[in-house]
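Take a look at the structure below.
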Amino acid sequence: MTQFDLTDEQREIQELARRFTADRITPFAAEWDEKHIFPRDTIKEAAELGFAAIYVSQESGGIALGRLEAALIMEAMAYGCPSTSAFISIHNMASWMIDRFGDADVKSRYLPDLVTMERMASYCLTEPGSGSDAAALKTRAVLDGDHYVVSGSKQFISGGGENEVYVTMVRTGEEGPKGISCLVIDKDTPGVSFGANERKLGWHSQPTRQVMFDNVRVPVANRLGAEGEGFRIAMMGLDGGRLNIGACSLGGAQRCLDESVAYVKDRRQFGKAIAEFQNTQFTLADMATELEAARALLYLAAAKVTDNAPDKTRFAAMAKRLATDAGSSVVDRALQLHGGYGYLMDYPIERFWRDLRVHSILEGTNQVMRMIVGRDLLKD
């Protein structure tokens, strides 16, 4: 079994994340959702466990774990609140990009505070006119001496207005992916502003705003990698982000499956517990089977991304597509098993139903995931 099982160290990491979730996330998640509370203090407590710098190098203050360990942590935290877990995932992605592609100067200026979450980071790629077609982004950075002058806007940015650091993809050259570079931009830089907090179906525990740049002067020293490498950096970040968002779907769906098992044992109709009906048992069996299948693929894809395997991007896309679709399907059936009660905010199912719906859109839509897989299969 060892080839297909977690190691003792991975189980310890998983258990640590589960205990943190049970104590600090699950009891409060419903209130965060209902009152749109951003739980900054709780998120900073997660950083004390190393969860803000999961795959940041030890030299930079991180805990230098692999992508499978990161997925285990995100899955465990999403059992309590997918929205909060996903927010921490995005911060990790931005921090990793600075550690992986930044020079010693930019790492020393940003990573100490990002590792502790004294400052928090957002990932800025999507724009009002470019979502799935990310290479068509229009936000422009014009070189002026030892600064870039940045103008444009980013859309649907998690942490927008709250976070202090924005890892931003900008156009420094020609049209298409080769003209994109990556800059680290501070919230308090003159010319940076934010739109109103978006009114969303779910993900109520984290703010989402448009980020706008009006002739913002950003030091060239804040560039990650060379000019023109931004798109490659962005896509490498997304491999891990897709795994994490898939893991968040698994965690949320597992919670709803567990809630459903307990509910159907207690709920009685026609003189017996609805757990005794074959239809109920078949539904639960399908939910559990689909979750385990998606989990197995996601863990495999995580190992490939950690090992920098040649097919890592294809497997990350497959795993994200399957895990997010399966997660939403499982939660939908959990709501159905709860009947009218599943539709009430007194039960957690409707919150997970809302939170997981966006997972098939962000980090690349599931239609784009299919494009990635199909193109990879057909390439020479």
Side-chain angles (χ1 to χ4, degrees), residues 6 10-33 37-56 62-63 65-96 114-117 120-121 123 158-159 163 202-207 240-259 291 294-295 298-299 302 319-320 323-324 327 330-331 348-349 351-356 358-359 362-363:
L6 300 178
Q10 288 167 341
R11 290 193 180 280
E12 289 174 6
I13 293 166
Q14 184 182 55
E15 183 57 30
L16 177 65
R18 285 174 172 173
R19 289 198 304 269
F20 176 77
T21 300
D23 293 340
R24 301 298 300 132
I25 296 179
T26 303
F28 311 105
E31 182 183 11
W32 297 343
D33 174 76
I37 295 171
F38 177 50
R40 179 179 282 269
D41 290 343
T42 301
I43 291 171
K44 288 179 68 175
E45 288 177 30
E48 295 174 10
L49 301 176
F51 294 170
I54 298 169
Y55 28 80
V56 170
I63 58 176
L65 297 178
R67 300 306 174 124
L68 175 52
E69 289 80 10
L72 294 174
I73 293 167
M74 296 305 158
E75 183 179 356
M77 291 193 293
Y79 192 89
C81 181
S83 170
T84 302
S85 183
F87 180 90
I88 295 172
S89 166
I90 294 165
H91 173 90
N92 269 274
M93 179 166 61
S95 298
W96 172 80
L114 293 179
V115 166
T116 61
M117 277 190 157
M120 299 182 189
Y123 172 81
S158 292
N163 289 354
W203 275 29
H204 290 166
S205 76
Q206 56 163 291
R242 287 164 181 164
L243 294 173
N244 285 350
I245 210 65
C248 288
S249 283
L250 295 178
Q254 186 66 55
R255 169 72 177 282
C256 291
L257 174 58
D258 293 347
E259 294 279 348
L291 266 184
R295 183 176 286 119
L298 188 119
Y299 289 4
K320 189 266 184 183
T324 55
V330 166
V331 174
I349 307 299
R351 170 167 59 88
F352 284 90
W353 189 92
R354 289 183 288 106
D355 280 349
L356 264 60
V358 75
H359 293 188
L362 52 82
E363 309 285 15

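Rounding to the nearest 0.5 Å gives a distance of 5.0 Å between CG of L16 and CG of L49. With rounding to the nearest 0.5 Å, the separation of OG1 in T84 from CZ in F87 is 9.0 Å. Interatomic distance, CD1 of I245 versus CG of L298, reported as 11.0 Å (0.5 Å rounding). The distance from the CD atom of E363 to the NZ atom of K320 is 7.5 Å, given to the nearest 0.5 Å. For the atom pair CE of M120 and CD1 of I88, the computed distance is 8.5 Å after rounding to the nearest 0.5 Å. One finds the OG atom of S89 at 8.0 Å from the CD1 atom of I54 (value rounded to the nearest 0.5 Å).
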Can you give the donor-acceptor pairs under 3.5 Å from side chains of residues 69-77 to other protein atoms, not counting sequence neighbours?
| unit_1 | atom_1 | unit_2 | atom_2 | d |
| --- | --- | --- | --- | --- |
| E69 | OE1 | G66 | N | 3.0 |
| E69 | OE2 | Q10 | NE2 | 3.0 |
| E75 | OE1 | Y299 | OH | 2.8 |
| E75 | OE2 | R295 | NE | 2.8 |
| E75 | OE2 | R295 | NH2 | 2.9 |

N/O donor to acceptor pairs below 3.5 angstrom from side-chain atoms of residues 23-30, sequence neighbours left out:
| unit_1 | atom_1 | unit_2 | atom_2 | d |
| --- | --- | --- | --- | --- |
| R24 | NE | E45 | OE1 | 2.6 |
| R24 | NH2 | E45 | OE2 | 3.1 |
| T26 | OG1 | T21 | O | 3.3 |

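Between V115 and G62 the shortest heavy-atom distance is CG2-N, 4.4 Å. Taking all atoms of both residues into account, the shortest heavy-atom contact from G50 to I63 is O-CD1, 3.4 Å.
Every residue was checked against the salt bridge (Lys or Arg N to Asp or Glu O under 4.0 Å) condition with E12, not counting sequence neighbours, and none meets it. Contacts of N92 classified as side chain to side chain donor-acceptor pair (under 3.5 Å), with partners at least two apart in sequence or in another chain: none. By the salt bridge (Lys or Arg N to Asp or Glu O under 4.0 Å) test, R255 is found to be paired with E259, residues two or more places apart in sequence or in another chain being considered. In this view, Y123 satisfies the side chain to side chain donor-acceptor pair (under 3.5 Å) rule with no residue, not counting sequence neighbours. Considering only residues two or more places apart in sequence or on other chains, S249 meets the side chain to side chain contact (heavy atoms under 4.5 Å, CB included) condition with T324, L356, H359. Listed by chain and number, the residues in a side chain to side chain donor-acceptor pair (under 3.5 Å) with S85 amount to none (sequence neighbours excluded). For the ring pair (Phe, Tyr, Trp, His ring centres under 6.0 Å) test, no residue two or more places apart in sequence or in another chain qualifies with F51. In this structure R11 satisfies the salt bridge (Lys or Arg N to Asp or Glu O under 4.0 Å) test together with D5, sequence neighbours excluded. Residues passing the side chain to side chain donor-acceptor pair (under 3.5 Å) test with W32: none are found, sequence neighbours excluded.
With a 6.0 Å cutoff to the six-membered ring centre and a 45° limit on the axis angle, R67 counts as a cation-pi contact of Y55.
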Could you go through W203 and D33, starting from their C-alpha distance and side-chain angles, then the distance that decides it, and tell me whether this counts as side chain to side chain contact (heavy atoms under 4.5 Å, CB included)?
CA-CA 7 Å; W203 275 29; D33 174 76; over 6 Å; no

Please report the C-alpha distance between R18 and Y79 in whole Å, then the side-chain angles of each, then the deciding distance to 0.1 Å, and finally whether the side chain to side chain contact (heavy atoms under 4.5 Å, CB included) criterion is met.
CA-CA 8 Å; R18 285 174 172 173; Y79 192 89; over 6 Å; no

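Formation of a donor-acceptor pair under 3.5 Å by the D355 side chain with backbone atoms of G202 is not found in this model. With hydrogens and angles ignored, the 3.5 Å screen pairs no side-chain donor or acceptor of H204 with any backbone N or O of R351.
Contacts classified as salt bridge (Lys or Arg N to Asp or Glu O under 4.0 Å) and involving residues 76-85 (residues at least two apart or in different chains) are not found.
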